[in-house]
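Below you'll find the structure, written out as structure tokens, and then a few comments.
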Amino acid sequence: MRLVLVFGRDDPARVRFAVSPLWETLVALRVLLEPRRRSYHLPWLDLVRPDLDRLDLWPLLVLSPRTGWTPDFLTPAPAGPGTDIADQLAQVRATAPEQVAQEVRRSLTERSGEPAPEAAWRLLDDPVATRGVLADLLERCWQLLIAPHWPRLRDLLQADVLYHTRRLGDYGLERMLDDLDPRAHWTGHSILIDGPAAGRHRLGGAGLLLMPSVFAWPDLAAMIDPPAQPALVYPARGIAELWQPAPTQHSEALARLLGRTRAALLESLAEPASTHTLARRHGLAPSTVSEHMATLHGARLVTRRRHRHDVLYQQAPLGAELANGERKPL
């Protein structure tokens, strides 16, 4: 099946990236329920499992069917790069009761497999109370499941945004959109998305919000129903190294050459990362990482450049050749 997102004249100018703390909070619940999503997140599951008994997840889970429709008001689009969890929760709490009722009813109706349990229909009795219950539960899930790990998650998501915005600057919108995910194909005027949904949707000047996600893997999700801004959520790059560095077949040889810590740092720099990102990823002090980065940079194995307030490091061609065990094409 294939969903077609059709661009109009004004839509390319309204394509933007965003990171959504609330989206990560909601979709993380899917990882708890669906084993197929857990491959990269087992260390996180071990960390959060003791807190699960403190959460009554039923109201959120019943509105997040494995195959079906989840209310859009639970994950409002970030207004800009400075949007945080407090902003998004405020948007949820400000949702019109009529929209809450409409979207809850749709979620309970549009699902495959088992129908919604009879008790779930009570969520329609008082949309204002339901809105408050759901917002409070999302906030509690954020505090227990996501907030302690948000710096690490944010680092990865922002690195993905940086990568794609550089692709946009270097090669243009067409190349950037075509490289987002193997299941998304740019035709010159539309994005074709392979997946469970089918249909044709004109963006109509609303543009497209592109949101990398840690916990959405392996899915690619499109949100196209008004009043939400059209959005495409795709798996962020580098999630294999989110919770623990991913060794390669060359790791041992590289460790003998450079030392285990320095080799691990070099291997994890296929994508740009700051000193603090590397410190969180490898469980090291930032000062220790800085010393290793200075050595690797002096050996011309990594490059460095400033981005806003951070210095970002990345494998230089020689460093990529050593880390990958093969010569990087020019």
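Predicted, not measured: the structure shown is a model, and the values here were computed from it.
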Show your reasoning for whether side-chain contact (heavy atoms from CB on, under 4.5 Å) applies to Thr95 and Leu74.
-> CA-CA 9 Å; Thr95 306; Leu74 295 176; over 6 Å; no
In sequence, state the C-alpha distance, the side-chain angles, and the governing distance for Leu157 and Trp150, and then conclude on side-chain contact (heavy atoms from CB on, under 4.5 Å).
-> CA-CA 10 Å; Leu157 296 171; Trp150 184 240; 4.0 Å; yes
Show the numbers, then the answer: is there a side-chain contact (heavy atoms from CB on, under 4.5 Å) between Leu45 and Leu42?
-> CA-CA 5 Å; Leu45 280 169; Leu42 293 176; 4.0 Å; yes
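In this structure, Arg122 does not pair ionically with Asp125, as no charged nitrogen and carboxylate oxygen lie closer than 4.0 Å. Ionic pairing of Asp219 and Arg36 is present here: one or more N-O contacts between side-chain nitrogen and carboxylate oxygen are shorter than 4.0 angstrom.
The salt bridge (charged side-chain N to carboxylate O under 4.0 Å, His left out) pairs that include a residue from residues 16-31 are Arg30-Glu34, where partners are two or more places apart or lie in different chains. Listed by first then second residue, pairs satisfying ring pair (Phe, Tyr, Trp, His ring centres under 6.0 Å) with a partner in residues 110-133 number zero, not counting sequence neighbours. Pairs of residues two or more places apart, or lying in two chains, that qualify as side-chain hydrogen bond (donor to acceptor under 3.5 Å, both in side chains) and include a residue from residues 256-266 are Glu252-Arg260, Arg262-His292. Sequence neighbours left out, not one pair with a member in residues 67-120 passes ring pair (Phe, Tyr, Trp, His ring centres under 6.0 Å).
Aromatic pair Tyr313/His297: ring centres not closer than 6.0 Å.
Taking the side-chain hydrogen bond (donor to acceptor under 3.5 Å, both in side chains) definition, one finds that Asp181 meets it with Arg183, sequence neighbours left out. Under the rule for a side-chain hydrogen bond (donor to acceptor under 3.5 Å, both in side chains), the partners of Glu110 that lie at least two apart in sequence or sit in another chain are Arg106. Every residue two or more places apart in sequence or in another chain that forms a side-chain hydrogen bond (donor to acceptor under 3.5 Å, both in side chains) with Ser274 is listed here: Thr277. Applying the side chain to side chain contact (heavy atoms under 4.5 Å, CB included) test to Tyr40 and every residue at least two apart in sequence or in another chain returns Trp217, Ile239, Ala240. Remark: Ala279 pairs with Pro286, Val289 by the side chain to side chain contact (heavy atoms under 4.5 Å, CB included) rule, at least two apart or across chains. With sequence neighbours excluded, no residue forms a side-chain hydrogen bond (donor to acceptor under 3.5 Å, both in side chains) with Arg38.
With a 6.0 Å radius and a threshold of 12 heavy atoms from other residues, nucleotides or ligands, Arg305 has its CZ atom above the threshold. In Gln99, the CD atom is crowded: over 12 heavy atoms of neighbouring residues, nucleotides or ligands sit closer than 6.0 Å.
If you chain together hydrophobic residues whose side chains sit under 4.5 Å apart, Leu32 and Leu60 fall into the same group. Hydrophobic clustering keeps Val128 apart from Val104 (ILVMFWY residues linked when any side-chain heavy atoms are closer than 4.5 Å, directly or through intermediates). Residues Leu208 and Phe17 are members of one and the same hydrophobic cluster, defined by side-chain heavy-atom contacts under 4.5 angstrom among Ile, Leu, Val, Met, Phe, Trp and Tyr. Placement of Val214 and Tyr163 in two distinct hydrophobic clusters is found when ILVMFWY residues are connected by side-chain heavy-atom separations under 4.5 Å, directly or transitively. Hydrophobic cluster membership differs between Leu232 and Leu162, with clusters built from Ile, Leu, Val, Met, Phe, Trp and Tyr side chains linked at under 4.5 angstrom.
A distance of 10.0 Å separates CG in Leu22 from CD1 in Ile146, rounded to the nearest 0.5 Å. In this structure, OG1 in Thr67 is found 12.5 Å from CD in Glu114, a value given to the nearest 0.5 Å. To the nearest 0.5 Å, atoms CG (Leu57) and CG (Leu33) are separated by 8.0 Å. How far CZ of Arg280 is from NE2 of His282: 12.0 Å, rounded to the nearest 0.5 Å. The structure places CH2 of Trp44 at 13.5 Å from CZ of Arg152, a figure rounded to the nearest 0.5 Å. Atom-to-atom distance recorded for Thr130:OG1 and Asp126:CG is 6.5 Å, nearest 0.5 angstrom.
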Check residues 190-200 and write down every donor-acceptor pair under 3.5 Å in which the side-chain atom is one partner and the other belongs to a residue at least two apart or another chain.
from, atom 1, to, atom 2, distance (Å)
Asp194, OD1, Arg2, NE, 2.9
Asp194, OD1, Arg2, NH2, 3.0
Asp194, OD2, His185, NE2, 2.9

Could you pull out all donor-acceptor pairs under 3.5 Å where a side-chain atom in residues 134-144 meets a protein atom, sequence neighbours excluded?
from, atom 1, to, atom 2, distance (Å)
Asp136, OD1, Arg93, NH2, 2.8
Glu139, OE1, Arg93, NH2, 2.9

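Looking at Thr295 and Leu258, their side chains never come closer than 4.5 Å, going by heavy atoms from C-beta outward. Under the 4.5 Å side-chain criterion, counting only non-hydrogen atoms from C-beta, Pro212 is not in contact with Arg237. The closest side-chain heavy-atom distance from Val100 to Leu123 is not below 4.5 Å. Residues Leu220 and Val233 have side chains not in contact (no heavy-atom distance under 4.5 Å, counting atoms from C-beta outward). Side-chain contact between Leu242 and Leu153: present, with at least one pair of heavy atoms (C-beta onward) separated by less than 4.5 Å. When side chains are defined from C-beta on, Thr70 does not count as touching Thr75, because their heavy atoms never get closer than 4.5 Å. By the 4.5 Å heavy-atom criterion applied to side chains, Leu269 and Met293 are counted as neighbours. With contacts defined as side-chain heavy-atom distances shorter than 4.5 Å, the pair Val27/Ser213 qualifies.
Closest non-hydrogen pair, Asp11 versus Gly207, comes out as OD1-N, 2.9 Å. Scanning both residues, Pro12 and Gly8, for their nearest heavy atoms gives CD-O, 3.2 Å. Nearest approach of Pro50 to Leu47, heavy atoms of both residues: CD-O, 3.5 Å. Across every non-hydrogen atom of Arg111 and Leu108, the tightest pair is NE-O, 3.6 Å. Across every non-hydrogen atom of Ser20 and Gln88, the tightest pair is OG-NE2, 3.0 Å. Nearest approach of His164 to Asp179, heavy atoms of both residues: CE1-O, 4.1 Å.
Side-chain atoms of Asp160 and Tyr234 form a donor-acceptor pair, as typed in the model, at a separation below 3.5 Å.
Relative orientation of the Phe215 and His41 rings is tilted, given thresholds of 30° and 60° on the angle between their planes. Ring orientation note: the planes of His149 and Trp243 are nearly perpendicular, at an angle over 60° on the 30°/60° scale.
Judged by distance alone, the side chain of Ser107 and the main-chain N or O of Glu103 form no donor-acceptor pair under 3.5 Å.
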